[in-house]
Amino acid sequence: MKIEGEWIEAEGVQQVLHLLTDAGHQGLLVGGCVRNALLHQPVADIDIATDAVPERVIALAKAAGLKVVPTGIEHGTVTIVVFGEPHEVTTFRRDVETHGRHATVAFSTRVEEDAARRDFTMNALYADAGGQVVDPLGGLPDLEARRVRFVGDACARIREDYLRILRFFRFHAWYGDPDAGMDAEALAACADNSAGTETLSRERIGHEMRRLLAAQDPAPSVAAMRATGVLGHVLPGADPRALAPLVHLEPPYAPDWLRRLAALGGPDPTDSLRLSRDEARKLAVLADGVGSMSGAGELAYRHGAELGRDILLLRAAVLEMPMPADWESAIARGAVAEFPLKAADLMPGLSGAELGARLKDLEARWVGSGFELSREQLLS
Ligand code: ATP
Ligand code: MG
């Protein structure tokens with residue numbers, strides 16, 4: 001089995017791999033890049049693994065005149081810069097002791113040991129500089145079947161790091177076969193250990209939930225999270241029922257994790273997922289909009305075309321109704337509408353709170369007229 005792609009041919013990648021192999025070491029691509037190349041999906045970050053210890057990697061890079069940065073040397077990672085591009089090289093590791101994220105690791109010279117501490121068999125695939133796939137754990141058949149399966153005993157692996165529960169649902173959403181159902185052993189282990197997710201940091205949970213909800217169709221995974229009790233621990237009060245209808249209504253608009261998050265309802269997740277201020281503000285607009293009576297034009301006028309459209313999509317999903325017939329033209333009109341009055345137009349007759357209230361009232365009338373009432377009509 002071989003992988004190909006421009007990214008593998010890239011001079012920087014080749015140079016780093018050969019730097020290692022020419023010195024008699026193993027130099028292998030690993031993880032997401034190999035998995036995605038095999039699935040013919042876009043490759044984001046490229047990870048390189050080697051049996052050479054970090055000091056050796058640094059010495060080899062320096063001898064070749066390359067810049068090296070010890071970006072995570074205590075976990076065995078150094079970054080080699082080639083043509084201005086960073087390349088992360090991590091020494092094979094094996095777990096000595098695991099306690100959540102802070103596993104005590106030792107360097108290893110065996111790729112089998114490095115593979116054994118990875119989470120899923122489809123994430124434990126390697127490839128050499130020529131694209132030849134190295135599969136120490138027999139993960140290829142799982143990948144071909146698009147089956148997300150834990151490396152080793154699912155329960156034990158989850159207890160080492162409860163984030164793997166969320167990663168299981170995330171990788172299923174992205175790479176699993178939606179028609180095949182999820183691995184039964186894994187689901188049972190997720191259910192048995194669901195409460196363990198409460199020990200995770202909110203940053204880690206937020207990161208995984210974002211990525212899960214950004215999948216093409218996260219609905220089956222989120223439904224399984226609900227069924228296993230995981231959702232109740234991560235987002236108490238969330239209800240996934242509107243998610244599948246939303247995903248169905250979304251095309252041609254791109255998946256948007258925040259819109260999907262809004263579809264789950266429940267208490268404000270700003271804190272539990274560590275949302276940024278901007279994300280929290282958008283989510284609040286979406287949540288308020290779904291429950292409001294405002295029409296498409298008003299939504300677009302007040303929140304812009306995109307948020308307005310997202311509110312309509314969410315409403316339609318929650319009510320399991322099609323989108324209103326004329327929504328696109330209404331959104332387009334509302335998004336560019338400009339209220340023809342300014343405070344100065346009502347002065348000096350009115351001032352202070354009275355002025356504000358009158359202006360708001362006139363704006364509501366103008367919105368109600370479909371943005372038709374002119375300045376003169378509003379003032380008369
Ligand atoms: P993506 O394309 O979404 O980034 P990825 O496979 O690169 O997918 P990362 O989260 O970047 O995912 O992790 C890189 C690799 O490190 C994984 O493929 C996996 O082998 C390993 N890994 C990451 N997190 C864990 C974890 N919590 N437990 C075990 N292995 C992990
Ligand atoms: Mg990655």
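When a ligand or atom number is given, it counts from 1 through the structure's own listing order. Note that the coordinates shown come from a computational prediction; the quantities given were computed from them, not determined experimentally.
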Query raised in the report: Taking the side chain from Asp114 and the backbone from Arg93, do they hold a donor-acceptor pair closer than 3.5 Å?
Result: yes

Query raised in the report: With the threshold set at 4.0 Å, does a side-chain nitrogen-carboxylate oxygen contact exist between Arg241 and Glu320?
Result: no

Sequence neighbours excluded and cut-off under 3.5 Å, please list the side-chain donor-acceptor pairs for residues 330-347, or say none.
residue : atom : partner : partner atom : Å
Asp345  : OD1  : Arg375  : NH1          : 2.7
Asp345  : OD2  : Lys342  : N            : 2.7
Asp345  : OD2  : Arg375  : NH1          : 3.0

Query - Same apolar cluster (I L V M F W Y, side chains within < 4.5 Å links), Ile46/Tyr126 - result: no

Report task. Check each protein residue for a heavy atom under 4.0 Å from ligand 1 and list those that pass, ordered by chain and number. Result -> Gly31, Gly32, Arg35, Asp45, Arg117, Arg118, Asp119, Asn123, Asp161, Arg164, Arg167, Arg170, Phe171, Arg211

Query raised in the report: Heavy-atom distance under 4.5 Å between the side chains of Ile73 and Ile58, does that happen here?
Result: yes

Report task. Please state whether the separation between the Mg ion (ligand 2) and some N/O/S atom of Asp45 is under 2.8 Å? Result -> yes

Query raised in the report: Is a donor on one side and an acceptor on the other found under 3.5 Å between the side chain of Glu88 and the backbone of Val78?
Result: no

